Amino acid sequence: MGDDVSIDRARYDFKKAMQEIVNLRGRGTELISVYIPSHKQISDVTSYLRNEFSQSNNIKSKGTKKNVQGAIESIMSRLKTFKTVPENGLILFCGEVAAGGDQTRMVQYVLEPPEQISAFIYRCDSNFFIDPLTDMLREKKSYGLIVMDRSEASIGILMGKKVILIKNFDSQVPRKHRQGGQSAQRFERLIELAAHEFFKKIAHNVEEAFLERDDLQGIIVGGPGATKDFFVKEGYLHHELQKKVVDTFDAGYTDEYGLKELVTNAAASLHDMDLMREKELIQKLLSEIRKPGGGLSAYGEDHVRKVLISGAVDTLLVSEGLDMKRVKLSCINGHTREFTTSKTPSKLDCDECDSPVEDIESIDLVDHVFELAETVGSKLELI
Ligand code: ZN
């Protein structure tokens with residue numbers, strides 16, 4: 001679970017940085033973006049940049065040339081701090097961006113992406129090049145997939161956009177033509193028995209595949225005809241997994257292709273499911289709040305922080321759009337004060353001794369909460 005929190009956090013931090021980066025503009029074609037995959041040597045990147053630097057001597061505008069060369073130099077010196085490229089690769093954005101009026105300011109972002117970068121990219125443009133990252137910013141939650149009829153079943157998982165087959169197997173259910181000498185009634189009974197055994201086998205395999213997965217958002221079941229609905233309605237699945245079944249969908253096939261078909265047919269519902277899950281979490285909170293004494297709920301920043309620190313929090317809901325800072329001030333006499341604000345103050349006097357505040361520490365409020373949650377092992381849901 002601790003890992004989940006840190007992965008969510010890396011994604012959040014990355015997303016936050018991207019929100020800033022996407023709006024930055026250069027005054028000319030002078031913003032540099034560099035994507036370095038993990039297998040690339042730093043020295044190769046440096047010689048590539050050195051070459052770009054000499055190419056930039058041809059730039060006609062003096063201002064643009066100066067800014068491009070400044071950005072390339074800045075990236076090269078930053079790269080010196082890396083011996084090797086990190087596991088998922090490295091992204092650098094650097095340049096002079098417009099900062100209101102005639103002003104510009106130099107920005108440099110060094111990011112380790114939450115997923116692997118596949119290709120080396122160098123771009124010089126009037127904005128930073130972020131196209132390869134849009135897919136990474138999407139949430140990567142998984143859904144369990146089952147396609148089945150009475151003769152075949154496949155179990156798979158949907159992660160991001162990828163459908164992975166986990167298991168495929170056939171049943172021993174006899175085809176619908178009976179052998180001579182068998183009564184029709186007895187044959188029917190045999191079929192039902194064999195089908196029952198097959199459904200149990202599917203449920204057992206589904207349990208093995210999904211029961212231990214924390215990231216499973218829901219299970220969708222598909223296949224031709226009514227068998228899938230019967231399977232769900234009769235409660236063959238482990239009760240924990242049964243709760244996660246969101247719906248059934250038609251799919252013409254029960255093999256790996258059927259899994260993909262299922263995902264296509266369920267696409268609209270999958271999107272709604274993400275929204276629904278958030279709604280459920282919020283409703284759970286509201287129903288606790290309505291209980292006498294507030295039930296098992298806590299809300300409001302100060303109260304939440306208090307119970308969080310005490311280790312009493314199971315799940316913490318945090319609004320992703322929360323654009324606030326947690327600020328810690330300390331004066332020369334060692335007085336400290338901590339509070340939440342929308343904007344980091346630039347200058348302040350100490351409340352206790354009126355001397356100027358010496359040190360201002362400011363972090364994103366969501367990051368601050370992530371840190372607290374990590375320390376005590378609470379689950380955190382960004383919504
Ligand atoms: Zn003071």
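Atoms within each ligand, like the ligands themselves, are counted from 1 in listed order. In this text the structure is predicted, and so the values were computed from the model without any measurement.
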Plane angle bin for Phe128 and Tyr109 - parallel if under 30°, tilted between 30 and 60°, otherwise perpendicular: perpendicular
For the residue pair Tyr35 and Phe129, categorise the inter-ring angle as parallel (less than 30°), tilted (30 to 60°) or perpendicular (more than 60°). perpendicular
By side-chain hydrogen bond (donor to acceptor under 3.5 Å, both in side chains), Asp247 pairs with (sequence neighbours left out) none
Same cluster (ILVMFWY, side-chain, under 4.5 Å), Met148 and Phe210: yes
How many N, O or S atoms of the protein are nearer than 2.8 Å to the Zn ion (ligand 1)? 4
Are Lys325 and Glu361 ion-paired here, with the side-chain N under 4.0 Å from a carboxylate O? no
Verify the neighbour count for atom CZ of Phe120: are there more than 12 heavy atoms of other residues, nucleotides or ligands below 6.0 Å? yes
